Amino acid sequence: MSSNNFWKNKKVLITGNTGFKGSWLSAWLNYLGAEVYGYSLEPETTPSIYKTISIENLVDTKIGDIRNLDLISSYVNLIRPEIIFHLAAQPLVRVSYANPIETYETNVIGTANLLESVRRMKDQSVRSIVIVTTDKCYENKEWFWSYREEEALGGYDPYSSSKAATELIVSSYRSSYFNPSKYSQHQVGIASARAGNVIGGGDWSIDRLVPDIIKALTNKTIIKIRNPHSIRPWQHVLEPLSGYILLAQKLFENGDTYSEAFNFGPLENDSRKVSWIVNEICELWRDGGSWLTETEQQKFHEAFNLKLDISKAKYKLDWEPKWDLKNALKHTVKWYEAYLNNENMLKLTMQQIKEYEQIAK
């Protein structure tokens, strides 16, 4: 895990900071002492973790669209960040089927806009850029072994293909303008981070498994699931975020060495079926009781089997997961139950971050 001292007073920009992962990352970097700025749309869900833990009181956020090059460019020049985490995205597979053009514009052109904003800076302040993509950027061949960073990129659906295209944009900008072989001239390190299926408290996104389960349990309705036998690399949100934070520091210190792609996923035995996740959460839920599930008719193609090989992050970054999946689910359920009990959610969020850091140390 990255040292607290490194982050103190570092000027950091997070795009997409009003989202689920962006809000957790904002809280964590604030705790580490960074000067955090955000560029994002308004929160897309009600409730939202951004509002629930009052991130607006911790982060100076500019509300803006990543598809607007002039706006993001002027904001980058205004705040002059040293480190950038790019999380702004259209993150949902099923939404991408309904809105493919918006998905491509946000994920592909939005990433190009962010990198172009850095390229255009007159007096370069940026040293480290982490572009967050997804495990779905790989050409999924439905095999049962894990994907490595050198595997072919691809994507059946608009979301997955947009993230594969994002990886190509990152590679092109890195080669053309911030080439590691010329690092001494530009001093900018750029890496992409490919994470698995992220869970944790405060996610209220549509068409995501854990939020759907929590809503059904809260309302005592039937849990509707699409693909009970699909296998995914599940992990608590703090796991990949710890990888992003560590990678950003490595890029800042040795950008020519770490400017490449990294997978951040769980250990092998934590890639589990959807049905297993459903049963585990229901067992953990506060009132126990009985529950009913119903399999929805699948309208769109979604990958059946997906696993990540994290050997590269493990050996090159000295990173590996700290919470197994059962522990991750316990913390997730605890967060939602505390929310329903009207507890102080910023306090609980910070407690979970501190607990994770203690284990990491």
Side-chain angles (χ1 to χ4, degrees), residues 21 85-87 89 91 93 107-108 111 128-157 159-175 178-181 189-199 230-251 254-273 301-325 328:
K21 288 170 73 174
F85 294 93
H86 179 51
L87 281 74
V93 171
N107 296 353
V108 183
T111 300
S128 172
I129 307 173
V130 175
I131 307 291
V132 175
T133 63
T134 176
D135 55 356
K136 296 176 181 63
C137 69
Y138 294 109
E139 180 183 353
N140 194 306
K141 299 179 180 179
E142 298 293 2
W143 56 34
F144 285 90
W145 53 88
S146 303
Y147 290 89
R148 297 168 296 180
E149 287 84 352
E150 62 268 27
E151 307 284 1
L153 300 173
Y156 183 106
D157 56 87
Y159 168 73
S160 300
S161 62
S162 76
K163 287 300 190 176
T166 295
E167 289 282 351
L168 295 176
I169 292 291
V170 173
S171 178
S172 176
Y173 263 81
R174 183 167 51 217
S175 297
F178 305 105
N179 199 298
S181 67
I190 303 175
S192 61
R194 305 165 181 175
N197 283 50
V198 174
I199 61 175
S230 291
I231 297 171
R232 295 287 185 269
W234 309 97
Q235 57 190 155
H236 192 275
V237 63
L238 294 179
E239 300 285 14
L241 293 186
S242 72
Y244 305 165
I245 290 171
L246 178 60
L247 178 57
Q249 179 177 340
K250 296 286 189 181
L251 286 168
N254 299 101
D256 54 339
T257 303
Y258 298 96
S259 289
E260 51 195 13
F262 288 89
N263 286 341
F264 295 103
L267 298 174
E268 178 72 20
N269 60 357
D270 278 337
S271 290
R272 297 275 191 162
K273 291 183 178 181
H301 172 274
E302 291 187 70
F304 169 72
N305 189 58
L306 190 53
K307 296 180 181 180
L308 287 178
D309 186 314
I310 59 172
S311 301
K312 183 178 179 181
K314 191 172 182 179
Y315 293 107
K316 191 161 186 176
L317 299 176
D318 195 25
W319 175 92
E320 62 180 349
K322 304 300 186 297
W323 283 346
D324 63 22
L325 185 51

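Along the sequence shown, residues carry numbers from 1. Only a predicted model underlies this, so the values are computations on that prediction, with no experimental measurement involved.
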Margin query: For a quick test of reading the model, state the closest non-hydrogen atom pair linking L153 to L168 and the distance between them.
Written below: CD1-CD2, 4.0 Å
Check: Got a sec, which residues hit ring-ring contact (aromatic ring centres under 6.0 Å, His included) with Y159, two or more places apart in sequence or on another chain?
Finding: none
Notebook entry, point to check: Quick one: side-chain hydrogen bond (donor to acceptor under 3.5 Å, both in side chains) partners of S271, sequence neighbours excluded?
Noted result: none
Item checked: Which residues share a side-chain hydrogen bond (donor to acceptor under 3.5 Å, both in side chains) with K141, sequence neighbours left out -> none
Item checked: cation_pi(K307, Y147) dist<6.0 Å, angle<=45 -> no
Note to self: Under the rule for ring-ring contact (aromatic ring centres under 6.0 Å, His included), what residues qualify as partners of Y258, not counting sequence neighbours?
What the structure shows: none
Item checked: Distance-minimising heavy-atom pair for I169 and V108 -> CG1-CG1, 3.9 Å
Checklist line | side-chain contact (heavy atoms from CB on, under 4.5 Å) between D135 and N197, intermediate numbers included | finding: CA-CA 8 Å; D135 55 356; N197 283 50; 3.6 Å; yes
Margin query: Quick check: closest heavy atoms across V130 and Y244, and the distance to 0.1 Å?
Written below: CG2-O, 4.0 Å
Next item on the list: Taking the side chain as every heavy atom from C-beta outward, state whether W319 and L247 have any atom pair closer than 4.5 Å.
Entry: no
Check: If you round to the nearest 0.5 Å, how far is NZ of K314 from CG of N263?
Finding: 14.0 Å
Check: Are any of the side-chain heavy atoms of I231 and L306 separated by less than 4.5 Å?
Finding: no
Checklist line | Atom of T134, atom of R194 and distance for their closest heavy-atom approach | finding: O-CB, 3.6 Å
Notebook entry, point to check: Would you find a donor on one side and an acceptor on the other, under 3.5 Å apart, between the side chain of S192 and the backbone of I131?
Noted result: no
Next item on the list: Under the salt bridge (charged side-chain N to carboxylate O under 4.0 Å, His left out) rule, collect the residues that match up with E139, sequence neighbours excluded.
Entry: none
Check: Distance from T133 atom OG1 to N107 atom CG, nearest 0.5 Å?
Finding: 10.0 Å
Checklist line | Considering all heavy atoms, the nearest P240-V237 contact | finding: CD-O, 3.3 Å
Item checked: Heavy-atom check, side chain of L308 versus side chain of Y138, under 4.5 Å -> yes
Next item on the list: Report the distance from atom OG of S242 to atom CD of E320, rounding to the nearest 0.5 Å.
Entry: 10.5 Å
Notebook entry, point to check: Do S146 and D309 have a side chain donor and acceptor closer than 3.5 Å?
Noted result: no
Checklist line | Heavy-atom check, side chain of L317 versus side chain of F264, under 4.5 Å | finding: yes
Next item on the list: Side-chain contact test, heavy atoms from C-beta onward, threshold under 4.5 Å: evaluate it for V170 versus T111 and give yes or no.
Entry: yes
Notebook entry, point to check: What do the steps show when you test K316 against E260 for side-chain contact (heavy atoms from CB on, under 4.5 Å), and what is the final call?
Noted result: CA-CA 11 Å; K316 191 161 186 176; E260 51 195 13; 2.6 Å; yes
Check: Between S128 and A248, is there a donor-acceptor pair closer than 3.5 Å when you use the side chain of the first and the backbone of the second?
Finding: yes
Note to self: Checking V198 against Q235 for the side-chain contact (heavy atoms from CB on, under 4.5 Å) test, could you report, in this order, the C-alpha distance in whole Å, the side-chain angles of both residues, the deciding distance, and whether it holds?
What the structure shows: CA-CA 5 Å; V198 174; Q235 57 190 155; 4.3 Å; yes
Note to self: Run the side-chain contact (heavy atoms from CB on, under 4.5 Å) test on I199 and L325 for me, step by step, so that the C-alpha distance in whole Å, both residues' side-chain angles and the decisive distance to 0.1 Å come before the verdict.
What the structure shows: CA-CA 10 Å; I199 61 175; L325 185 51; 4.1 Å; yes
Notebook entry, point to check: Between CG of D324 and CG of N269, what distance do you get to the nearest 0.5 Å?
Noted result: 8.0 Å
Next item on the list: Report yes or no: does S175 contribute a side-chain atom to a donor-acceptor pair with the main-chain N or O of S172 at less than 3.5 Å?
Entry: no
Margin query: Can a donor-acceptor pair be found, under 3.5 Å and without considering hydrogens, that links the side chain of S161 to the backbone of D157?
Written below: yes
Checklist line | Smallest separation among heavy atoms of E239 and P321, with atom names | finding: OE1-CA, 3.3 Å
Margin query: If the condition is salt bridge (charged side-chain N to carboxylate O under 4.0 Å, His left out), which residues does E149 pass it with, not counting sequence neighbours?
Written below: none
Check: Ignoring hydrogens and geometry, is there a side-chain-to-backbone donor-acceptor pair from R174 to N179 under 3.5 Å?
Finding: no
Next item on the list: Report the distance from atom OH of Y173 to atom CD1 of I190, rounding to the nearest 0.5 Å.
Entry: 10.0 Å
Note to self: Between S160 and Y156 (side chain of the first, backbone of the second, donor and acceptor by atom type, cut-off under 3.5 Å), is there such a pair?
What the structure shows: no
Next item on the list: State, yes or no, whether a side-chain contact exists between W323 and L238 at a heavy-atom distance under 4.5 Å.
Entry: yes
